[in-house]
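Chain letters run A, B, ... following the sequence lines, proteins first and then strands; every chain starts at 1. Here the structure is a predicted model, which means the values were calculated and not measured. These values consider heavy atoms only, across backbone and side chains, with no hydrogens, waters or symmetry-generated copies.
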There are 2 protein chains.
Amino acid sequence: MKATINDVAKLAGVSIKTVSRVINNETSVRQLTREKVQQAVDELKYQPNLSARNLAGTKSYSIAYIYDNPNAYYIIDMQEGILSACKQQGFELLIHPCDSKSQGVTEEVVNMVKQARIAGLILTPPLSEMPEFVQSMVDLDVKVVRIMSGDVAPDDLSPCVMVNDRDAAQTITQHLIDLGHTNIAFIAGDAEHMSTIERYKGYRRALKASNIAFNKDLVIEGEYSFDSGVSGAKQLMVEQSNKHVRPTAIFSCNDEIAAGALFAARLMNISIPEQLSIVGFENSPFSRQTWPKLTTADQPNNQIAEDAANLLISQIRKQKNPITISQYVPKLIVRDSTAKC
Amino acid sequence: MKATINDVAKLAGVSIKTVSRVINNETSVRQLTREKVQQAVDELKYQPNLSARNLAGTKSYSIAYIYDNPNAYYIIDMQEGILSACKQQGFELLIHPCDSKSQGVTEEVVNMVKQARIAGLILTPPLSEMPEFVQSMVDLDVKVVRIMSGDVAPDDLSPCVMVNDRDAAQTITQHLIDLGHTNIAFIAGDAEHMSTIERYKGYRRALKASNIAFNKDLVIEGEYSFDSGVSGAKQLMVEQSNKHVRPTAIFSCNDEIAAGALFAARLMNISIPEQLSIVGFENSPFSRQTWPKLTTADQPNNQIAEDAANLLISQIRKQKNPITISQYVPKLIVRDSTAKC
DNA sequence: TTAATAATTGACAGCGCTGTCATTTTTTTA
DNA sequence: TAAAAAAATGACAGCGCTGTCAATTATTAA
């Protein structure tokens with residue numbers, strides 16, 4: 001059956017404690033011994049038993065991904081990325097969906113963490129953007145890593161993996177400007193999401209950099225939904241037209257909104273991209289299912305998640321690697337929904 | 001700190017073995033004793049330590065959800081349902097995404113199952129519909145529950161939770177017939193998915209039941225994608241029109257296809273539902289984001305998953321409850337994409 | 001060279017639980 | 001009523017590992 005630490009010890013001719021030291025990468029093991037043990041480990045394809053470790057040690061080898069599902073695609077990507085880091089590092093992943101708006105989330109998660117002896121947590125928006133919630137988690141005896149929108153961490157409650165929506169949004173807007181557009185509208189996502197705010201900042205910054213006057217009539221408040229895209233685009237293309245500032249391009253805060261805008265344009269007999277350019281954000285499967293396909297920004301969620309998990313695990317292991325706060329800038333993907341003005 | 005079995009034993013005035021018997025619902029415990037122990041358990045809010053159980057016992061308290069992601073929404077729903085059953089029953093869930101088309105899936109999953117000492121597996125399409133794969137899983141020493149499309153299990157390899165797509169499809173088609181449609185087209189999903197086959201059967205059966213002649217020109221082979229809906233609808237509404245059998249309604253095998261069909265209709269200036277009725281299937285978030293909103297069929301994925309997990313766990317516990325093969329029939333949801341002919 | 005110090009290694013208990021088997025208590029049978 | 005059988009309970013080892021601390025070996029200082 002499966003090899004245990006005893007088998008390895010016997011094969012290597014050392015005590016189990018020494019094997020334990022080697023697999024835990026502790027100091028005070030002679031190089032020669034270490035190699036002998038490692039060889040035995042490899043030969044037997046030994047993998048430590050998680051239950052035994054959890055039971056015997058004070059350390060835990062479980063991390064949890066706590067999330068309030070904003071978007072199924074996103075969550076699935078995150079899970080896969082985290083999982084792949086866990087597999088490599090011999091950690092176990094517990095997933096814990098919850099409702100960030102419910103009264104008792106914090107308590108619920110606190111209980112869960114205590115109950116399951118969890119060593120660390122990964123948090124994504126919207127949970128990662130709720131300061132009191134994050135604080136509560138940090139107050140427990142668990143490590144936390146947050147994935148959030150921005151260029152630098154907003155505080156030092158925990159290490160963060162940052163997604164620089166601002167720069168990406170600037171690049172996207174610049175893409176539109178490069179195509180000759182000057183009347184560029186912006187349909188926002190939920191105002192309380194940092195990503196919305198950041199993307200908006202990037203949009204503004206791009207305009208400014210090219211000396212294009214900002215026109216607040218071209219900014220529509222919305223939410224991250226298809227409907228919001230539909231109504232936003234209608235408002236822009238119909239109502240605004242009275243004021244003679246019909247935009248020639250729309251920056252949609254995500255792909256869902258963009259899909260809605262695309263749909264609205266079709267309703268109004270506006271051809272895309274000839275008469276109107278539309279860009280999305282996120283590169284969701286959505287964006288390849290529209291017609292024309294959306295120009296958008298891609299963020300490597302899988303990799304972001306893996307990164308976050310690795311960061312978390314190295315924290316748990318107290319590896320004093322200079323906690324490199326990683327930052328990802330979503331990349332522009334030009335497809336068929338944008339064209340020269 | 002957390003209460004252990006020792007604390008409970010002390011409080012109840014019995015040995016830890018007796019506590020163990022009570023929490024494992026074993027026989028040979030006097031009613032009175034059982035109550036005393038139960039009371040102590042409640043008082044201390046005792047919950048057995050999973051690691052200790054896994055380590056000490058021959059039993060395992062871990063189940064795994066193995067899936068090849070056909071659809072993020074579906075997976076997320078499944079996970080939540082399974083999780084809620086696990087929580088109630090004191091089980092732990094491991095999730096394991098994989099690629100059903102890759103050469104080594106079976107081996108990979110086999111290793112994972114052995115490695116993690118897993119007691120049971122939950123399988124969903126497409127994995128649940130791959131006989132050799134299922135066989136391999138059953139050959140391991142794990143219990144399996146499959147969720148699949150159909151009315152009865154295709155074999156007795158494992159208990160199944162069936163989703164009766166056929167009856168649901170018949171109901172949907174009947175809905176169209178009731179609205180006066182007789183030229184009802186069908187855009188199929190991937191041919192190798194049982195759901196496609198079942199839905200097609202339901203469609204045919206409804207036609208037959210109402211003595212409507214079947215016209216094979218109205219059946220389009222496709223796949224579960226938006227694009228397939230677009231091209232399918234175009235083909236039906238343009239090409240077929242030459243033969244003067246333009247359909248007045250389209251049964252799309254899922255919501256994505258329906259969204260595509262909706263989109264194509266818009267392109268062709270066909271108004272929905274006035275000139276053409278379109279139905280979907282699955283009640284995905286998609287279906288509420290289209291305009292008009294899709295008439296579709298809803299399956300309670302959350303509950304199906306919970307049911308499957310409970311079935312699996314009772315199997316693991318060898319509770320000889322007459323393994324009730326549950327069957328769900330998706331329910332028709334009438335929204336705005338269908339109207340009188 | 002030897003004693004003192006540091007580095008390396010191992011013996012052993014114990015984490016919280018279950019499985020085995022012996023012991024005690026209760027019930028049944030003669 | 002006593003003996004036999006059955007039911008209920010407990011003592012104890014051990015699952016695979018880590019933590020503690022003692023024992024051994026290597027290294028350095030004197």
query: Think A:Arg53 has a side-chain N or O under 4.0 angstrom from the OP1 or OP2 of D:dT18?
result: yes
query: Whole Å only: how far is the CG atom of A:Leu32 from the C1' atom of D:dA26?
result: 14 Å
task: Using whole Å, report how far CG of B:Asn6 lies from C1' of C:dT18.
output: 13 Å
Exceeds 12 heavy-atom contacts within 6.0 angstrom, atom CG of A:Asp156: no
query: Between B:Gln39 and B:Glu43, is any side-chain donor less than 3.5 angstrom from a side-chain acceptor?
result: no
query: Any donor-acceptor pair under 3.5 Å linking the side chain of B:Arg117 with the backbone of B:Asn54?
result: yes
task: In whole angstrom, give the distance that lies between atom CG of A:Asp7 and atom P of D:dC17.
output: 9 Å
task: For A:Asn24, report the nucleic acid contact type (base, sugar-phosphate, nothing); a contact means any heavy atom under 4.0 Å.
output: sugar-phosphate
query: Does A:Tyr46 have a side-chain nitrogen or oxygen under 4.0 Å from the phosphate oxygens OP1 or OP2 of D:dC17?
result: yes
task: May I have the distance from B:Lys10 (atom NZ) to C:dG16 (atom C1'), rounded to whole angstrom?
output: 13 Å
task: Let me know the distance between CG of A:Leu50 and C1' of D:dC17, rounded to the nearest Å.
output: 11 Å
query: Is A:Lys114 salt-bridged to A:Asp141, cutoff N-O under 4.0 Å?
result: no
- prompt: Closer to the 5' end of DNA chain C via nearest nucleotide, is it B:Glu26 or B:Leu55?
  reply: B:Leu55
message: Just by distance, no angles: are the side chains of A:Gln89 and A:Asn310 close enough, under 3.5 Å, to form a donor-acceptor pair?
response: yes
- prompt: Does A:Ser20 have a side-chain nitrogen or oxygen under 4.0 Å from the phosphate oxygens OP1 or OP2 of D:dC17?
  reply: no
task: Scan A:Thr58 against the nucleic acid and name what it touches under 4.0 Å (heavy atoms): base, sugar-phosphate only, or nothing.
output: sugar-phosphate
- request: Let me know which of A:Gln303, A:Glu306, A:Gln79 forms a side chain to side chain donor-acceptor pair (under 3.5 Å) with A:Ser84.
  value: A:Glu306
Got a list of protein N/O to nucleotides 5-12 of chain C N/O distances below 3.5 Å?
{"residue": "C:dT9", "atom": "OP1", "partner": "A:Thr33", "partner atom": "OG1", "Å": "2.4"}
{"residue": "C:dT9", "atom": "OP2", "partner": "A:Arg30", "partner atom": "N", "Å": "2.9"}
{"residue": "C:dG10", "atom": "OP2", "partner": "A:Ser15", "partner atom": "N", "Å": "2.9"}
{"residue": "C:dG10", "atom": "OP2", "partner": "A:Ser15", "partner atom": "OG", "Å": "3.1"}
{"residue": "C:dG10", "atom": "OP2", "partner": "A:Thr18", "partner atom": "OG1", "Å": "2.6"}
{"residue": "C:dG10", "atom": "N7", "partner": "A:Arg21", "partner atom": "NH1", "Å": "3.3"}
{"residue": "C:dG10", "atom": "O6", "partner": "A:Arg21", "partner atom": "NH2", "Å": "2.6"}

statement: note: B:Ile5, atom CD1; D:dG14, atom P; distance rounded to Å ~ 19 Å
query: Whole-Å distance between C:dG16 P and A:Asn54 CG?
result: 12 Å
- prompt: Given atom NZ of A:Lys59 and atom P of C:dC15, what is their separation to the nearest angstrom?
  reply: 17 Å
statement: One should read off an interatomic distance between A:Leu157 CG and A:Leu123 CG, to the nearest 0.5 angstrom, of 11.0 Å
